Each structure stands twice: as C-alpha cells, then as structure tokens.
Amino acid sequence: MSALNDAPTADQRTHAEAIVVGAGFAGIRMLVELRKLGIPALGLEAAADVGGTWYWNRYPGARTDSEAWSYALPLPEVEQEWAWTERYPAQAEVQRYIAFVADRMDVRRDIRFNQRLASAVYDEYSNLWTLTTESGDAFTCTYFLPALGHLTVANEPPFLGVGEFAGEIYQTSKWPHEKVDFTGKRVAVVGTGSSGVQVIPLIAEEAEHLTVFQRTPNYIMPARNHPLDEEFQRDLRENSAAHWAKANNHFFGFAMEPAGRTYDDVTSEEERQRIFEEGWQKGGFRFAFETFDDLVLDQRSNDAASEFIRSKIRETVKDPATAELLSPRTYPYIAKRPPTGVNYFETYNRENVTLVDVNEAPIEALTPRGLRTSRQEYELDAIVLATGFDVSTGAYSRTDIRGRDGVKLSDVWADGPETYLGLSAPGFPNMLMVCGPQSVYINHPIAVEMIVSWLGRLLQWLRDNHHDRIEATPEMAEQWAHTIEAIFRSTLMSAGTHAHSWYVGANSEGKPRKVLFHFGGAALYSQALTDAAENNYAGFTLSTKATAGQR
Ligand code: NA7
C-alpha cells in the first residue's frame, strides 16, 4: 500500500495539487495518471456517478459507434479483467466500464460527486486556482485540469413555447434514469444526428405513432452490431498490444488497417461498387476507412461513396418520396459526423412512422397540444429533442473561468477558442485542458490516452525542473489556430453546406464559426505533442511562484 492510500478521502479535502473536473473517460484516465505520478489529486464531477457523456445520454438505443475494443483505455490491470459483450456496447455497458476502471484503478475515492463547477478563478500571487461549485463548496489547486468533454452542454431547445406543451418532453442528453414508456403514445423526435438515429427505431417499436422531424439528412452506416464471443474476448486479452498498436497507427484511432487504395487505383466501376458493398456489409466506420483512403480528400471518391449510400437508402426505403427525403445531397459524406444506425432506414417502412422535412416547413413552436410547423400543427403526447450540443467550447463558456488579472475565458474566446494543442490557453496559467477545444478529433479514448500521457510527462517535467507555472504563448495559440484551420480547409469537410456542421460550431445559434478540432489525424497530432515536449516546452511560458510579477 502506498502512503497515498492513507491520505484523507476526497470528501475531507478542499485542496490538492491538481484538480480534475469531469469523470468521463478523460477525467478518470487523468486521475489514474496523477496517481501514478504521486501527485495529490481531487476530482469534481457534476453527476452522481462516473461516466461523463455516458452517464447523461441514457436514451434508448444509445451505444458507441466505435468498436468496443478500441473504445477503451490501454490499462493492463483493466484489460485482463474486463470483457466487452458487443461490437458496439450500449450506454449502460460503457458506463459500467468507466466505473470499473475507476474502481480497479482506485481513483473513485478521489472524486467528489454532485459537484458542478460554477467558477474557476486564478490568483497570480498564490499561483492557485479556486474552484467553486454550484453547491457553494470551494477547492484550491495549483493545476486546474478541466476534462469537460466535447458533447456536454445540450443546445437549448430553439423553439418558442417549450414550456407550454402539456405532454411529456425529453432531451436525449438528459434522459431520465427510469424507463420512459411510449406505448400507445403519439411521439415526435426532432433531430436526426447520431442521437436521433439511435433512438428513432426503438421509439418506433413502442409508440402508437412516431413523427420524425428532419432538417438535414445524414449518411448513415448500418452498424451490424453483434455479440462478441469468448474466443474474440480472449484474443483481445492475449493480443492487446497488437490491437492498440493498430489503433494508434490508424488515422482516426480505430483498430483498422487503411484501405491501401485511392479512387484512381481502381478503374473498373464494377470493382468500386464491389468495394463499397464489402464496406457496407462490414458496417460502421469500416465503410469510411476500409474502402478508399481518399474519401475525405478527393471529390470523385466522395461522390462515389455518397451515391452508393443513396442507392442503399433507395433500396431499403419502400416509399420513393421518403427515400429521397432521407438522401443527403447538399454536402459530402463525412463533412458532417456520419451516424451509425441499427434498422434506421428500415424504420421508415413502418406504418406508424412519418418523416417530416422541416426545411420546407420549419418548426415554429411547441404548443399546448403538440408542435407547429409553418404548415400544420401535430398533436402529440411526447416530444423527444435530439437537437445536439454546444460542442467543445460549451462547457467552458458556461463556467465562469478567470485567468490572470481576472480576465474571463468567455470574453477571450468570444470569437472562438484560442489554445495551443487544445491543451493550454494564453492568460490561463496551469489550466491544462484534458482534450480541450482544438485538440485532436479521433476515436476519443485514443485521444485521451495520448493527451493524458503527454500531460503526465509535462507535470513530471515541471516538477523535475522546479517550475510550477505554465501557459501557452499567444504566438503558439495563433499558430495553432492557423494550423487546424489549414488542415480543415484541405479536406472536403469544408465543402458543401459544411456550415451546418458542429465541427465548426455552426449548429449552435450565435456561436462563432471556428474549427473546433485538429482534423490532421492521430499521427500528426501526436507529432505536434512530441515536438512540444522535445523542444522543452518552448511554446509555453514557464515560471515559478517565486518569479511572480516578473513576467
Ligand atoms: P447532432 O449530430 O448535432 O444532431 C442534432 C440534430 O438536430 C441534427 O439533425 C440537427 O439538424 C437537428 N436540429 C438541430 N436544431 C434543429 C431545429 N431547430 N429544427 C430541426 N432540427 C434541428 O447531435 P447528436 O446528439 O445527434 O450527436 C452528437 C454527437 O454525439 C454525435 O455526432 C456523436 O459524436 C455522438 P442539422 O443537421 O443541424 O440540420
């Protein structure tokens, strides 16, 4: 037993060298790293349990779009004792996994639950952050490590009359813990992003009638979910190093091989169709990553994939007008995050499901009896809003974060986030974001592992070099913004009506349109991290408390 095990429990402490806010993948993994380094740490979490996004998004059908074996952390202690049951585990299983990690790595006792961060204020003289939660509790730390998640703050329902609807109203991201029974009810789902796509088929099976209100159709891959048998689970345990190597080497951090071919490598149309069909049968992101490697770079490649998906929609959905409404045409495949569905398109063949195009007739308001578009009123018993998130910066802008000289983060970020590597912001010393805005956009746990390891190395280096204050320089933050913008512009993600994508914050009203992620892939981002460390953190201003005021 280490001496740390005799330390007071989280409930008694109000100070720690490092405080991690958030107990999802990033927060839990960060606490594990701090424990390993012997850095006294505390965790604050708004929910009553661990899980982050997997705690809140417990709507029917919620499951990962990443294959289980790469949607995990490479912790040997956990890997030997944990077995995933499905290719795409459901919400409850992912939350159980995160809880298992927290317990197995013994970090749960460092976390204070039901503590939603209200403010974080830096004091230059003491070099301490004071974190205050909504319940009025205050905590101090040298290192403030927000692990707030990218999909944390739901967009407010953008309709008039939300309070007037007399029936039940639910948001997918704040789903009740008890089962919601839609039997015999007239239900509406608004939104057809990943959450809508997952919840729609299950509500359709229960409701008397389901009306889906769609604004933008999506390129939806069939999941082809299946249970994982014992042999597969054993292979994961025995060959975990090889699985992680594959995921770490993959552009988006999935345990997959690149397709190894581009559009021009295949000249026969028949052969291209065969390749797409094979990807479609494998399902999920394998369609994106195992067909052609230039889908996101070459318009012809993307057009071919997009048309193949539309042909599948026409093949599946019996009513041609509905099939056409479900067919995306105004932006390239992958320019918006493509959802993965289970029986999604098939659901529209049910007698009790209607699709309404809200482009033609936008939703005007909720009414006491239901929902009114510019064309008609729909009488409803329940409305499910799957209308998305204030992505990436949302959790930061709703918290009162103040850096040096009382400067507010929300003011500095009024035109979009300013960070270096998505980890550090000029003017906010020792605020080290665990996967903050402008960090890498890849399979999340792989990003978490990469970033937490880097932060651990940094904290150790600061100790070894007798520094206790670090922040990105404004020059590096500016350069980083240019880098991620240039990467984004070099892909087809910036084509078509990309302006609607949450990748650039365009799905939240009034939000500045700025690229919110580094889309250069795992290797390029990892290289940027390595360069920053190997240059002895030259892109940061470093100091110690003793030199305060000498900047
Ligand atoms: P998304 O992907 O942002 O989807 C939100 C959906 O809600 C999308 O279809 C929106 O249409 C729709 N929406 C938003 N506002 C409106 C209004 N006013 N009227 C009609 N429809 C509207 O959020 P999700 O929760 O589904 O998924 C988020 C991520 O979680 C996902 O990508 C995975 O990474 C996991 P739009 O496309 O903006 O026209």
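Basis for what follows: all heavy atoms, side chains included, without hydrogens, waters or symmetry-related copies. We count residues from 1, following the sequence as given. When a ligand or atom number is given, it counts from 1 through the structure's own listing order. Keep in mind it's a predicted model, so treat the numbers as computed, not measured.
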Item to check | For ligand 1, the portion of Ala386 having any non-hydrogen atom under 4.0 Å away | outcome: backbone

Checklist entry - Does a side-chain heavy-atom distance below 4.5 Å link Ile383 with Glu168? => result no

Checklist entry - Which of the listed options, Gln171, Arg337, Arg215, holds the heavy atom that is closest to atom 32 (O) of ligand 1? => result Arg337

Item to check | atom 37 (O) of ligand 1 [closest protein heavy-atom partner, distance rounded to 0.1 Å] | outcome: Lys336 NZ, 2.8 Å

Checklist entry - Atoms of ligand 1 less than 4.0 Å from Pro158 heavy atoms? => result 18 (N)

Next on the checklist: Parallel, tilted or perpendicular: which one describes the rings of His243 and Phe232, with boundaries at 30° and 60°?
Outcome noted: tilted

Checklist outcome for this item: the protein heavy atom lying closest to atom 12 (C) of ligand 1 turns out to be Gly191 CA, 3.7 Å

Checklist entry - Would you call Glu206 and Lys185 a salt bridge, using N to O less than 4.0 angstrom? => result no

Item to check | Ring centers of Tyr503, Phe519 separated by less than 6.0 Å | outcome: yes

Checklist entry - What residue and atom, counting heavy atoms only, is the protein's closest point to atom 36 (P) of ligand 1, and at what distance? => result Thr216 OG1, 3.4 Å

Next on the checklist: Tell me if a side-chain donor or acceptor on Asn302 pairs with a main-chain N or O of Tyr333 at a distance below 3.5 Å.
Outcome noted: yes

Item to check | Heteroatom proximity flag, Phe389 to ligand 1, N/O under 3.5 Å | outcome: no

Checklist entry - Taking atom 25 (O) of ligand 1 as the point of reference, which of Ser501, Pro338, Ser195, Gly388 owns the nearest heavy atom? => result Ser195

Checklist entry - Side chains of Thr192 and Val212: does their closest heavy-atom pair fall under 4.5 Å? => result yes

Checklist entry - Are any of the side-chain heavy atoms of Met450 and Leu529 separated by less than 4.5 Å? => result yes

Checklist entry - So is Phe213 close enough to ligand 1, meaning a heavy atom under 4.0 angstrom away? => result no

Checklist entry - So is there a nitrogen or oxygen of Asn218 less than 3.5 Å from a nitrogen or oxygen in ligand 1? => result no

Checklist entry - To the nearest 0.5 Å, what is the distance between CD (Gln438) and OH (Tyr525)? => result 10.0 Å

Checklist outcome for this item: of all protein heavy atoms, closest to atom 3 (O) of ligand 1 is Trp502 CD1, 3.3 Å

Item to check | Nearest protein heavy atom with distance in Å, relative to atom 4 (O) of ligand 1 | outcome: Gly193 CA, 3.4 Å

Item to check | Numbered atoms and elements of ligand 1 in range of Phe159, under 4.0 angstrom, heavy atoms | outcome: 17 (C), 18 (N), 19 (N)

Next on the checklist: For Gln214, which part has a heavy atom under 4.0 Å from ligand 1: side chain, backbone, both, or neither?
Outcome noted: neither

Item to check | Point-to-point distance, once rounded to the nearest 0.5 Å, from CG of Leu366 to CD of Glu377 | outcome: 10.0 Å

Checklist outcome for this item: At under 4.0 Å between heavy atoms, what of Thr192 touches ligand 1? The answer is both

Next on the checklist: Considering non-hydrogen atoms of the protein only, which is the closest contact for atom 31 (C) of ligand 1, and what is the distance?
Outcome noted: Ser194 OG, 3.3 Å

Next on the checklist: Applying side-chain contact (heavy atoms from CB on, under 4.5 Å) to Ser194 and Asp65, what does each step give before you reach the verdict?
Outcome noted: CA-CA 9 Å; Ser194 295; Asp65 286 353; 4.1 Å; yes

Item to check | atom 30 (O) of ligand 1: nearest protein contact (heavy atom, Å) | outcome: Leu151 CD1, 3.5 Å

Next on the checklist: A cation-pi test, strictly: NZ or CZ of Arg58 under 6.0 Å from the centre of the six-membered ring of Tyr55 and no more than 45 degrees from its axis. Yes or no?
Outcome noted: yes

Checklist outcome for this item: For Val358, the atoms of ligand 1 under 4.0 Å from one of its heavy atoms are 20 (C)

